[in-house]
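Numbers for residues simply follow the sequence, beginning at 1.
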Amino acid sequence: MTNTDIDRETLRELADEGNEVALERLADMADAAGDLGELSELLDEGCMHAGFLLTRRAVANGDLRELQQISDAGYDEAGSELNRLLEAPAGGHEGPGSDRLP
């Protein structure tokens with residue numbers, strides 16, 4: 001029997017003890033709640049999944065500054081996405097191969 005309804009406090013305790021899966025679950029919960037502040041804190045704690053979620057949001061919004069901040073916080077893929085957007089032709093037509101992040 002699996003309990004998939006784990007409370008946030010338990011996940012936080014597990015994450016504080018170094019459990020990466022618990023940290024990722026916290027990131028998923030923050031993403032579902034639209035809590036960008038918590039996602040940023042989780043990235044600061046080293047949660048690369050939080051970096052992925054923040055990057056996905058920033059790409060969807062075309063937020064170049066946010067991508068730079070995420071990259072500076074340690075999620076390298078955000079820097080790659082930032083460069084991809086900066087190098088894209090004017091007018092938003094990226095052409096073939098532009099399917100990296102939704």
(message) Rounded to the nearest 0.5 Å, what separates atom CD in Glu38 from atom CD in Glu45?
(response) 8.5 Å
(request) Measure the SG-OH distance between Cys47 and Tyr75 for me, rounded to the nearest 0.5 Å. (result) 10.0 Å
(request) Flag the pair His49 / Asp28 as yes when at least one side-chain heavy-atom distance between them is below 4.5 Å, and no otherwise. (result) yes
(request) Report the distance from atom CG of Leu26 to atom CG of Asp31, rounding to the nearest 0.5 Å. (result) 12.5 Å
(message) Is it the case that the side chain of Thr10 and the backbone of Ile6 share a donor-acceptor pair, with hydrogens and angles ignored and the cut-off at 3.5 Å?
(response) no
(request) Would you confirm whether Thr55, through its side chain, and Gly51, through its main-chain N or O, come within 3.5 Å as a donor-acceptor pair? (result) yes
(message) Let me confirm one number: the CE-CG distance from Met29 to Leu42, rounded to the nearest 0.5 Å.
(response) 10.5 Å
(message) As an exercise, state the distance from CG of Leu43 to CD of Gln69, rounded to the nearest 0.5 Å.
(response) 11.0 Å
(request) Report whether Leu14 and Leu39 are members of the same hydrophobic cluster (ILVMFWY, side-chain heavy atoms less than 4.5 Å apart, transitive linking). (result) no
(message) Determine whether a donor-acceptor pair (N or O, by modelled atom type, separation under 3.5 Å) exists between the side chain of Arg25 and the backbone of Glu20.
(response) no
(message) side-chain contact (heavy atoms from CB on, under 4.5 Å), that's the test. Do Glu13 and Asn19 meet it? Break it down for me.
(response) CA-CA 9 Å; Glu13 289 172 8; Asn19 187 304; over 6 Å; no
(request) Look up atom CG in Asp76 and atom CD in Glu81, then write down how far apart they are to the nearest 0.5 Å. (result) 12.5 Å
(message) Test salt bridge (Lys or Arg N to Asp or Glu O under 4.0 Å) on Asp63 and Arg57; report intermediate values, then the result.
(response) CA-CA 8 Å; Asp63 191 338; Arg57 286 176 174 267; over 6 Å; no
(message) Show the nearest heavy-atom pair for residues Ala22 and Ala15, with the distance to one decimal.
(response) CB-N, 3.8 Å
(request) Please assess Leu54 against Ser40 for the test side-chain contact (heavy atoms from CB on, under 4.5 Å), listing each intermediate value before the final yes or no. (result) CA-CA 8 Å; Leu54 286 165; Ser40 293; 4.0 Å; yes
(request) Only counting residues at least two apart or in another chain, list the ones meeting side chain to side chain contact (heavy atoms under 4.5 Å, CB included) with Asp72. (result) Gln68
